[in-house]
Amino acid sequence: MIRHSEIENNEFRSQIRQGTILFAGNARLKIYGLLNCSSGKRMKKENRVFFSNKTEAISCGYRPCGHCMPAEYIKWKANLQRKSAYKRK
């Protein structure tokens with residue numbers, strides 16, 4: 001995970017071109033999504049983090065964005081509901 005506030009603009013652009021950075025996340029809300037997501041573009045720089053893959057984001061405790069990753073979000077939500085139902089039994 002790379003914090004946007006800790007990376008220079010030139011290095012940031014270089015890592016995007018190289019494919020090192022593929023996803024962005026909101027550190028406060030623990031949501032990750034695609035780099036071109038309109039929701040992600042509105043967040044404050046100090047809240048923005050970057051990931052190289054989905055596995056990294058998930059392992060850091062982030063969930064998929066419902067706007068730019070609807071299929072992954074639906075899977076995440078269904079899994080969360082199953083876990084909740086299991087705990088109630």
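A quick note: this is a predicted structure, and the numbers were derived from the prediction, not measured.
Residues Met1 and Ile21 fall into different hydrophobic clusters, defined by Ile, Leu, Val, Met, Phe, Trp and Tyr side chains chained together at heavy-atom separations under 4.5 Å. No continuous path of ILVMFWY side-chain contacts below 4.5 Å connects Ile16 to Leu34, so the two sit in separate hydrophobic clusters.
If you take CD1 on Ile74 and CG on Asn79, they are separated by 13.5 Å, rounding to the nearest 0.5 Å. Atoms CG and NZ, on Leu80 and Lys75 in that order, are 16.0 Å from each other to the nearest 0.5 Å. Between the NZ atom of Lys44 and the OG atom of Ser5 there is a distance of 13.5 Å, given to the nearest 0.5 Å. Within the model, atoms CD1 of Ile31 and CG of Asn26 stand 6.5 Å from one another, a figure rounded to the nearest 0.5 Å.
Although no hydrogens or angles enter the test, the distance criterion places no donor-acceptor pair under 3.5 Å between the side chain of Ser14 and the main chain of Asn10. Although no hydrogens or angles enter the test, the distance criterion places no donor-acceptor pair under 3.5 Å between the side chain of Arg48 and the main chain of Gly25. Proximity of a side-chain donor or acceptor of Glu56 to a complementary backbone N or O of Ser52 within less than 3.5 Å is detected.
What you find for Pro70 and His67 is that their closest heavy atoms are CD-O, 3.9 Å. Tyr73 approaches Cys65 most closely through the heavy-atom pair CB-O, 3.9 Å. Of all heavy-atom pairs between Cys68 and Gly33, the closest is SG-CA, 3.6 Å.
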Test log, rule side chain to side chain contact (heavy atoms under 4.5 Å, CB included), inputs Leu35 and Phe50: CA-CA 9 Å; Leu35 293 174; Phe50 299 105; 4.1 Å; yes
Verdict with supporting geometry, Glu46 and Arg3, salt bridge (Lys or Arg N to Asp or Glu O under 4.0 Å): CA-CA 8 Å; Glu46 59 264 19; Arg3 293 195 161 275; over 6 Å; no
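Two residues are said to be in side-chain contact when any heavy atoms from C-beta on lie closer than 4.5 Å; Leu22 and Phe51 fail this criterion. In this structure, the side chains of Lys54 and Met69 come closer than 4.5 Å at one or more pairs of heavy atoms. The side-chain heavy atoms of Arg63 and Lys30, taken from C-beta on, include no pair separated by under 4.5 Å. Counting heavy atoms from C-beta on, the side chains of Tyr62 and Leu29 never come closer than 4.5 Å. Counting heavy atoms from C-beta on, the side chains of Val49 and Ile2 never come closer than 4.5 Å.
Taking the six-membered ring for Trp and thresholds of 30 and 60 degrees, Tyr32 and Phe23 have ring planes more than 60 degrees apart, a perpendicular arrangement.
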